[in-house]
Structure formats: C-alpha cells, structure tokens
Amino acid sequence: MRFTKGFFPTVKEVPADAVIASHQLMIRAGLMRPLGAGIYSFFPLGYAVMKKVMQIIREEMDAIGGQEFHLPALNPVELWEETDRVKAFGDIMFHLKNRALVLAPTHEEIITSIARNHIKSYKEMPQIWYQIQTKFRNEPRPKSGVLRGRQFTMKDAYSMDSTWDGLDVSYNAHAEAYRKIYTRCGLKFFIVGASSGAMGGSGSQEFMVESNAGEDTVALCDACSYAANVEVAASAIAKASRTENSKPVEEIHTPNIKSIDELSEFLKIQTSQCAKSLVYFCGETPVLIFMLGNDQMNEAKLQGVLGGDVRPAHPEELLALTGADAGSIGPIGLKAKMKIIADNRLEGANGLYSGANKNDYHVGNIDFNRDVAVESYHDLRIVEGGEPCPDCGKELRIVKGIEVGHIFKLGTKYSVSMKANFLDEKGAEQPIIMGSYGIGHYLGQNSRSVRCSSHLRQRQRGIGRKKVGRAVRCTMCEGSYGAV
RNA sequence: CGGGGCGUAGCUCAGCCCGGUUAGAGCGCUUGCCUUGGGCGCAAGAGGCCGCAGGUUCGAAUCCUGUCGCCCCGACCA
C-alpha cells in the first residue's frame with residue numbers, strides 16, 4: 001500500500017495530557033490513541049511496531065523450545081480462589097458483575113490447571129509454554145501513556161520441570177532469550193536482582209531499561225554488571241573510623257542545634273563523626289536506629305530487618321520514649337528501654353557525637369562498643385550516587401529504570417496449592433516445579449517495549465512522519481536503530 | 001483511596017475572577033483561485049446545546065451543588 005494512503009493520523013501540537021516524551025511521540029506520530037484511562041487503541045503504525053516486537057519474541061521463545069498457547073482472558077473465579085489470589089490481587093483484578101468470572105491479570109492459575117490435568121509423568125517435562133495476550137489489571141492510577149495501563153499486551157511464559165536443576169536450566173534459558181530479545185529490539189538493558197514478592201518462589205530478576213520516565217530507582221555500575229533496586233542496593237562505602245583509645249563521654253551544651261549539619265558546623269567536626277538517631281515503630285514495638293552522619297535510612301531495608309511494616313514515631317512518642325525532641329535524641333540517657341539497631345557503618349566506631357536525650361544538649365566521645373547496647377548491625381542506608389560499587393569498587397550511578405521484563409523461579413507454590421503433581425522415576429508423587437517469565441510482567445508489556453523504542457529513538461526534533469516510517473522499518477529490521 | 005489541576009470547535013488554548021447582544025484565536029478540515037517539486041500564498045466556508053444534571057438569577061460558558069471523565073503528585077505495584 002502507498003504510504004500516502006495509509007491511516008497515520010499525526011498531530012503537530014503536543015497532546016495536553018501526555019507528559020512523558022514517548023507518550024507524546026506515540027500520539028503525535030499516530031501510533032495509538034487513548035480510549036480511556038490506561039486503555040489505548042493501537043493504530044496501524046503502532047501495531048506494526050508491536051507486531052515486529054512480537055515476532056522477535058516468538059522467534060526467541062521458540063528457540064528455547066517454547067510452545068505458543070492462546071489462553072482465555074476470561075477466567076472462572078474458582079480457579080483463582082484455589083491459590084488465594086483473589087484476595088491477593090484484591091481490587092487490581094477485574095471482576096465481572098453478571099457471572100462468577102474475572103479478567104485475568106496473569107496466567108499462573110490457568111497454566112497450572114492445564115498442567116495438573118495433562119502432565120502426569122516426569123517424562124513429560126520439561127515444558128515451556130508461552131502466550132502473547134491481553135491482560136487486565138485495574139490499576140488505581142494508570143499513567144505515562146502505555147507505560148502503566150489497565151489493559152495491555154504481555155508475553156507470559158511458564159516452565160514446568162521435574163527437578164530443581166531443571167528449573168535452573170529453564171530459568172537460565174529464559175534469561176538468555178530475554179537478553180536476545182531486548183538486544184534485537186535495540187534496547188540497552190540491565191538486569192537487577194529482585195524480590196519475588198507475592199509471586200512466591202526462590203528468586204527473580206528484572207530486566208530494566210534506563211529512562212527518566214521509569215518508576216524504579218536503581219543503583220547501577222557501568223564498570224561491572226552490578227545493578228540493584230535502591231530498596232536493596234548496597235555500596236562498599238567505608239565504615240566510621242575507630243581510634244586507639246576511647247575518651248570518656250562528655251555532655252555538650254548545643255543550643256538550638258538539631259540537624260547533623262548544624263551539629264558538625266557548631267562543633268567543627270565531620271558529619272561522619274555524628275550518629276543520627278531515628279525512632280521507628282514496628283507494630284507496637286519502638287526501635288531506636290542509628291545512622292552515620294547524614295546517611296539516609298532505607299525503610300525497605302528496615303522493614304526487611306524488623307520483619308514487618310514500619311512507621312516513624314510521632315513527636316509525642318519521641319518525647320515519651322527518649323525525653324527529647326527529634327534532633328536531640330541519642331543512645332545515652334534514654335527515658336525508656338528500647339530495642340537498638342544500627343547501620344553497619346557504625347559498627348565498632350568510637351569518638352562519635354549524638355543527641356543527649358535532653359533538648360539543646362549532645363553527647364560526645366561515644367564508643368558504640370562501650371556505650372551503646374546495639375542489638376545488631378545491618379545495612380540500613382540508602383545508597384547514593386558516586387559511592388563505590390560493592391562488587392568492583394567503581395562509582396555507582398543512581399538511575400531511573402523501566403521494568404521491561406521479569407523472570408521468577410516460582411518453585412512449587414502454585415503446583416502445591418492447586419495439586420499439580422506428577423510421578424517421578426520412583427513412582428512417587430511430586431509437585432511440578434515451575435517458573436514464570438513475563439515481558440514485562442506486572443509493570444511491563446509488549447506495548448511498553450514499543451514505548452521504549454519510541455522513547456530511545458527520539459531525537460531533538462521529535463519524530464516526524466518520515467522519521468516514524470523509518471523508525472518502524474528499523475524496528476522491523478531488528479534494532480538497526482543507529483541509522484535513524 | 002488522600003492531595004492538586006482540568007473538562008469551551010478535530011487539536012492546542014483564550015473568554016470565566018468583575019454573570020448580559022449572533023462564544024473567539026491559531027492549526028486542521030472543505031471549496032475556489034494562485035502556485036504547479038514539498039509542513040506555500042490568497043479568498044470564501046463548514047464545524048461548538050462551553051462534559052452532564054440540578055440550583056441561584058430577569059439572564060450563566062461565566063456563580064453554587066452534585067455527578068462523570070481525564071491528567072499530575074502520593075499510597076499501591078504479585
């Protein structure tokens with residue numbers, strides 16, 4: 001068909017409700033249009049790009065032995081009740097009003113139900129099943145165009161193995177296939193370790209693309225391959241120093257000194273000679289936390305250490321527990337007995353300054369070994385850009401990333417709850433060992449890959465009609481984007 | 001779900017605070033002319049029940065209430 005006959009409705013003006021570049025460009029170039037919040041119609045040009053991406057995905061999935069399915073999006077609720085995920089998803093899952101049906105946000109349950117009906121022997125595994133399909137998630141807040149929508153296209157794959165080694169093989173095969181897929185799509189990606197969250201299982205990795213439109217913040221090392229979500233990222237930053245001899249503690253009058261900066265300024269000391277105190281509650285239990293200097297505490301890490309939801313103490317609680325207001329709290333002279341934990345950087349440190357638990361007073365020469373009943377030391381800090389990489393020591397960068405893929409070792413979570421068992425070599429019944437692999441799973445989608453491509457391909461001038469034509473062709477040519 | 005913003009021509013917006021004749025602009029669209037090799041120029045024209053529903057008023061796009069929708073921040077994100 002002639003290009004001039006094509007339906008490519010372009011717009012000159014930047015759409016009022018599109019904020020990020022990719023969203024604006026995809027609309028302006030006529031790739032798609034919104035139908036409602038988080039719902040998009042893909043027009044021929046946009047669908048052409050999407051189809052090319054799907055083609056690449058199919059080729060790489062087939063190459064690792066994947067078999068393509070087409071599963072229903074309309075699912076009986078009962079299936080989801082078997083794994084208790086009706087509750088787990090809550091409002092995120094769409095429920096039909098006039099039937100006991102839900103719109104599938106992912107397909108572990110369906111796959112597992114098929115597996116339990118048909119896979120009876122270890123001889124029938126491994127299996128890799130995948131599909132490219134429309135998913136539905138009732139996002140409380142769709143945003144950034146196609147980045148987070150209520151209906152989207154996703155490739156989801158599932159592996160079924162009879163052994164844990166087999167799971168590793170399937171998992172690694174997917175990781176490799178994903179590398180090829182993103183590379184062929186022309187995306188510069190990096191891989192971060194992730195928590196498997198409520199998906200369950202023993203491990204997972206996220207494939208991410210650097211973008212300031214991203215929703216995740218990642219500490220990234222360009223020298224080695226270290227990459228970790230800031231929620232879990234660590235750095236090889238030095239600990240606080242320890243001198244040969246500890247001097248006796250001394251109380252210092254520090255009128256109106258609250259912050260670490262004010263304290264170091266007032267006492268003419270380094271911020272790294274100060275211990276910052278924070279009080280959090282984990283449930284009903286107050287916990288006193290020490291950080292070195294101006295280090296920021298990472299609530300996600302604290303939560304991991306304490307094993308529950310945490311919240312900062314209120315001002316009145318601070319006063320009751322310590323005898324002072326925020327800014328004057330410290331390890332010595334506490335009013336109430338509290339669990340005390342501290343950041344690793346403070347382990348064994350001495351000569352430190354902290355609050356005296358008395359407003360307008362601080363205490364100096366604190367020795368954490370001698371004066372503070374620290375229950376345990378943990379990595380509790382938020383990694384900052386420029387700190388040394390924990391693996392290679394080079395500088396870390398803090399970047400925003402878009403999750404374009406997520407792979408999980410599910411293990412037996414679904415096979416156990418849904419009783420998907422097989423007979424092993426000895427004739428013993430075992431639950432199937434599963435993996436789940438999404439491009440890009442919860443936050444991702446094929447359409448997001450399109451989005452990323454558009455985003456990365458944009459130039460100062462934006463993408464005009466001719467450029468879009470070429471962009472699409474280039475997408476079709478598997479990542480020869482340099483030519484655009 | 002909490003906070004903020006916005007809903008006026010296909011698009012981007014003005015008008016609304018200080019209610020009052022046929023509601024405007026640019027771009028787009030249609031027609032004609034011009035030009036006849038590139039987001040051209042000139043002229044004419046179509047197109048809006050001012051998101052929807054109530055209310056206040058002699059009179060509402062303009063004020064009030066409700067409602068729906070959309071966007072942003074936050075919470076959430078399997």
Side-chain angles (χ1 to χ4, degrees), chain A residues 3-4 7-20 23-24 27-30 33-40 43 80 83-94 102 104-112 135-150 152 154 156 158 192 194-206 208 213-217 229-231 299-300 303 309-312 400-411 413-414 417 434-438 440-445 448 461-469:
Chain A
F3 193 84
T4 49
F7 178 64
F8 310 130
T10 56
V11 251
K12 290 181 183 174
E13 314 257 9
V14 176
D17 49 12
V19 175
I20 65 171
H23 188 195
Q24 296 171 352
I27 294 205
R28 292 179 60 199
R33 281 298 130 92
L35 189 63
I39 311 173
Y40 288 87
F43 289 0
W80 288 81
T83 54
D84 210 28
R85 282 172 107 199
V86 175
K87 202 165 73 190
F89 271 104
D91 203 40
I92 293 293
M93 189 151 66
F94 283 108
V102 296
T106 174
H107 278 83
E108 280 80 10
E109 278 74 0
I110 315 308
I111 288 287
T112 310
K135 299 281 194 268
F136 299 88
R137 291 182 186 181
N138 185 21
E139 288 290 350
R141 178 152 98 86
K143 59 179 286 197
S144 306
V146 95
L147 236 171
R148 189 198 289 205
R150 292 200 168 123
F152 53 90
M154 177 170 112
D156 44 323
Y158 307 86
V192 309
S195 72
S196 37
M199 285 292 284
S202 55
S204 81
Q205 286 172 299
E206 290 175 350
M208 309 200 69
E215 300 181 297
D216 296 278
T217 308
N229 196 300
V230 284
E231 290 190 358
E299 287 195 11
Q303 213 149 301
D309 285 349
V310 298
R311 65 163 179 89
K400 291 273 190 189
I402 297 170
E403 181 187 345
V404 292
H406 202 160
I407 56 179
F408 295 88
K409 289 184 185 179
L410 293 178
K413 176 182 158 86
Y414 295 90
S417 58
M434 299 175 64
S436 152
Y437 317 89
H441 215 271
Y442 187 68
L443 295 171
Q445 43 199 276
R448 178 181 287 177
R461 284 160 289 182
I463 44 178
R465 182 175 284 190
K466 281 183 180 169
K467 295 214 162 147
V468 170

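Throughout, protein chains are lettered first and strands after them, A, B, ... in sequence-line order, and every chain is numbered starting at 1.
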query: Nearest heavy-atom pair of A/Gly149 and A/Glu139: which atoms, and what distance?
result: O-CG, 3.5 Å
- request: Write down the distance between CZ (A/Arg141) and C1' (B/rA75), rounded to a whole number of angstrom.
  value: 10 Å
Base-pairing mate for B/rG41 - Watson-Crick or G-U, with both contacts under 3.5 Å: B/rC33
message: I want to confirm an ordering. Mapping A/Leu35 and A/Lys87 to their closest nucleotides on RNA chain B, which one lands closer to the 5' end?
response: A/Leu35
task: For B/rA44 versus B/rC50, give the span between their P atoms, rounded off to a whole number of Å.
output: 28 Å
field: P atoms of B/rG4 and B/rA9, separation to the nearest Å
entry: 27 Å
task: State which residues pass salt bridge (Lys or Arg N to Asp or Glu O under 4.0 Å) with A/Asp91; sequence neighbours excluded, sorted by chain then number.
output: none
query: Roughly how far apart, to the nearest Å, are B/rA23 and B/rA14 at atom C1'?
result: 11 Å
field: Span that lies between the C1' atom of B/rC70 and that of B/rU8, in whole angstrom
entry: 15 Å
- prompt: Does the pair A/Glu215/A/Lys143 count as a salt bridge with the N-to-O cut at 4.0 Å?
  reply: yes
query: How long is the line joining CE of A/Met93 and P of B/rC76, in whole Å?
result: 21 Å
- request: Can you sort out the partners of A/Glu109 under side chain to side chain donor-acceptor pair (under 3.5 Å), two or more places apart, ordered by chain and number?
  value: A/Thr83, A/Arg85
field: Euclidean distance for P, B/rG28 against B/rG19 (whole angstrom)
entry: 37 Å
message: Any strand counts, and the cut-off is 3.5 Å on both contacts for Watson-Crick or G-U wobble. Which nucleotide pairs with B/rG20?
response: B/rC58
message: Evaluate A/Ser144 against A/His23 for side chain to side chain donor-acceptor pair (under 3.5 Å), listing each step before the verdict.
response: CA-CA 7 Å; A/Ser144 306; A/His23 188 195; over 6 Å; no
- request: Take atom CD of A/Glu299 and atom P of B/rC76, then tell me their distance rounded to the nearest Å.
  value: 10 Å
task: Just name whichever nucleotide pairs with B/rG2, Watson-Crick or G-U, keeping both distances under 3.5 Å, else none.
output: B/rC73
For atom CZ of A/Phe89 and atom P of B/rC76, their distance in whole Å: 17 Å
task: Both distances under 3.5 Å, Watson-Crick or G-U wobble: report the partner of B/rG66, or none.
output: B/rC52
field: B/rC72 versus B/rU57 - spacing of their C1' atoms, nearest Å
entry: 36 Å
- line: Atom CD1 of A/Ile27 and atom P of B/rU12 are separated, to the nearest Å, by 9 Å
message: Please report the interatomic distance OH(A/Tyr437) to CG(A/Leu410), rounded to the nearest 0.5 Å.
response: 7.5 Å
- request: For B/rC58 versus B/rA43, give the span between their C1' atoms, rounded off to a whole number of Å.
  value: 43 Å
message: Could you tell me how far B/rG48 sits from B/rG24 if I compare only their P atoms? Round to whole Å.
response: 14 Å
query: Separation of A/Ile92 atom CD1 from B/rA75 atom P, in whole Å?
result: 15 Å
Length of the line joining A/Glu139:CD and B/rA75:C1', which is rounded to integer Å: 13 Å
- prompt: How close or far is atom C1' of B/rC71 from atom NZ of A/Lys143, stated in whole angstroms?
  reply: 12 Å
